[in-house]
Protein chains: 2
Amino acid sequence: MNLSPKIENFVLHCGEMGSRWGFNRTIGQMVGLLVINEKPLTANEIADALKISRGNVSMGIKELQSWQLVKVHHIPGDRKEYYSPNGSIWDLANRVFEERRKREIDPTLTLLRDQILDSANSPEEVYAQQQMQSIHDLLETVTKWSAELQRLSPEQLQSLMKLGSSVSKVIDLKDKLLRKS
Amino acid sequence: MNLSPKIENFVLHCGEMGSRWGFNRTIGQMVGLLVINEKPLTANEIADALKISRGNVSMGIKELQSWQLVKVHHIPGDRKEYYSPNGSIWDLANRVFEERRKREIDPTLTLLRDQILDSANSPEEVYAQQQMQSIHDLLETVTKWSAELQRLSPEQLQSLMKLGSSVSKVIDLKDKLLRKS
DNA sequence: TTAAAGTTTCAATAATTACTGAAAGTTTAA
DNA sequence: TTAAACTTTCAGTAATTATTGAAACTTTAA
């Protein structure tokens, strides 16, 4: 497996970004490689292209499956497993986004809900409760909004952007409309 | 500095979430501690409350300043520096969001713009270019949308949510309105 | 000036996280 | 069954990241 410089460049970049996107370097590279290749790849091809051990590929694939980012294919008469991205770029991004919400926001929302139910026993705790309530409200709003946006298709979002509409303009329009009716 | 169990619990949680939010455990705890305390704290108080070294606090504060999350106060006749969160919860979240966009999306957008300008030299590269174009378009859309949403005040967002309006409903309203006029 | 009160830096080390490769496990065809 | 072809696991090790604490630096009051 010999990557062209352009493709290798992209794959290496995905590796560097990997940890920022929620996985590690190797897994970032794997995503890049799978996305940039039209044909599904075997674990050995991945190990070879990225110059990593076979065992590491196996662990990476497992992780990517837990994020629902890869799909397995079988070719009749061939025992190897072939891997490819599970869906369009948009689908992949949505899953990463969703998974990160689960990891980065949900646990805190759970904690805050519990803490807020509990009553404060001192002036410091009264202030602490207020702050926790603010964080809770913020996170709930963000969660709801991200769910709304995820529901839209890329076409809906992009056509909206291309119309030159900002969200605030849309909200203004909505306000006007509601006032009239 | 003795934290009540409830407050300690919150601070420790912030520590555990720290790395998921883009910093490390200690810095997560520092944010939690500063946010939950009404009064600004000195570096020594932070070190004491979190049981970490003074040097570590210094480095953490530096990092938090680079994210623009803390503010320094001085009390007349007192040489110590007092730290507090730089703005409301909403302000802090906005800055984290913005900073993460810079780290997680912008570098990739830059790379993809360059790659897309370059012409493909093989069928594999043609496919690769197409995929890179899709990722580019997706990231641009996400970037523009997040900028739009950040522009709204928490009140605007929340009132909108409370009206029970989903974004798609708002978009539908907008379409109807545009069709009429 | 000086020294006290504070802050920052950074080399050494600790803690965490990722990776390898050999062994164990699984599946399939004969 | 057996063995070939493949995948997974995981103990040991490598690489990376975070933390300490002592020394260097800075600021201010006398």
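Keep in mind the model is a prediction, meaning the values are calculated, not measured. Chain naming here is simple, since letters A, B, ... match the order of the sequence lines and numbering starts at 1 in each.
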Rounded to whole angstrom units, what separation is found between the [atom1] atom of [X] and the [atom2] atom of [N]?
{"X": "B/Lys80", "N": "C/dT7", "atom1": "NZ", "atom2": "P", "value": "8 Å"}
{"X": "A/Glu63", "N": "C/dC19", "atom1": "CD", "atom2": "P", "value": "11 Å"}
{"X": "A/Glu81", "N": "D/dT8", "atom1": "CD", "atom2": "C1'", "value": "11 Å"}
{"X": "B/Ile75", "N": "C/dG6", "atom1": "CD1", "atom2": "C1'", "value": "15 Å"}
{"X": "A/Ile46", "N": "D/dC6", "atom1": "CD1", "atom2": "C1'", "value": "14 Å"}
{"X": "A/Glu45", "N": "D/dT7", "atom1": "CD", "atom2": "P", "value": "11 Å"}
{"X": "B/Leu64", "N": "C/dT8", "atom1": "CG", "atom2": "P", "value": "12 Å"}
{"X": "B/Met59", "N": "D/dC25", "atom1": "CE", "atom2": "P", "value": "18 Å"}

By nearest-heavy-atom nucleotide on DNA chain C, the more 5' of A/Gly77 and A/Gly55 is A/Gly55
Residue whose closest nucleotide on DNA chain C lies nearer the 5' end, B/Ser58 versus A/Lys51: B/Ser58
Main-chain N/O of A/Ile75 paired with A/Lys80 side-chain donor or acceptor, under 3.5 Å: no
Any side-chain N or O of [X] less than 4.0 Å from the OP1 or OP2 oxygen of [N]?
{"X": "A/Asn56", "N": "D/dT8", "value": "no"}
{"X": "A/Arg54", "N": "D/dT7", "value": "yes"}
{"X": "A/Lys62", "N": "D/dT9", "value": "yes"}
{"X": "B/Asn24", "N": "D/dT19", "value": "yes"}

Lys/Arg N to Asp/Glu carboxylate O, [X] vs [Y], below 4.0 Å:
{"X": "B/Arg100", "Y": "A/Glu104", "value": "yes"}
{"X": "B/Glu124", "Y": "A/Lys6", "value": "no"}
{"X": "A/Arg95", "Y": "A/Glu98", "value": "no"}

Which sits closer to the 5' end of DNA chain D, B/Ile52 or A/Arg79, going by the nucleotide each is nearest to? A/Arg79
On DNA chain D, does the nearest nucleotide to A/Arg25 precede the nearest nucleotide to B/Thr26 from the 5' side, or the other way round? Give the residue. A/Arg25
Just checking A/Ile61: base, sugar-phosphate only, or nothing, at a heavy-atom cut-off of under 4.0 Å? nothing
Between B/Trp90 and A/Tyr127, is there shared hydrophobic-cluster membership here, with clusters defined by ILVMFWY side-chain heavy atoms closer than 4.5 Å? no
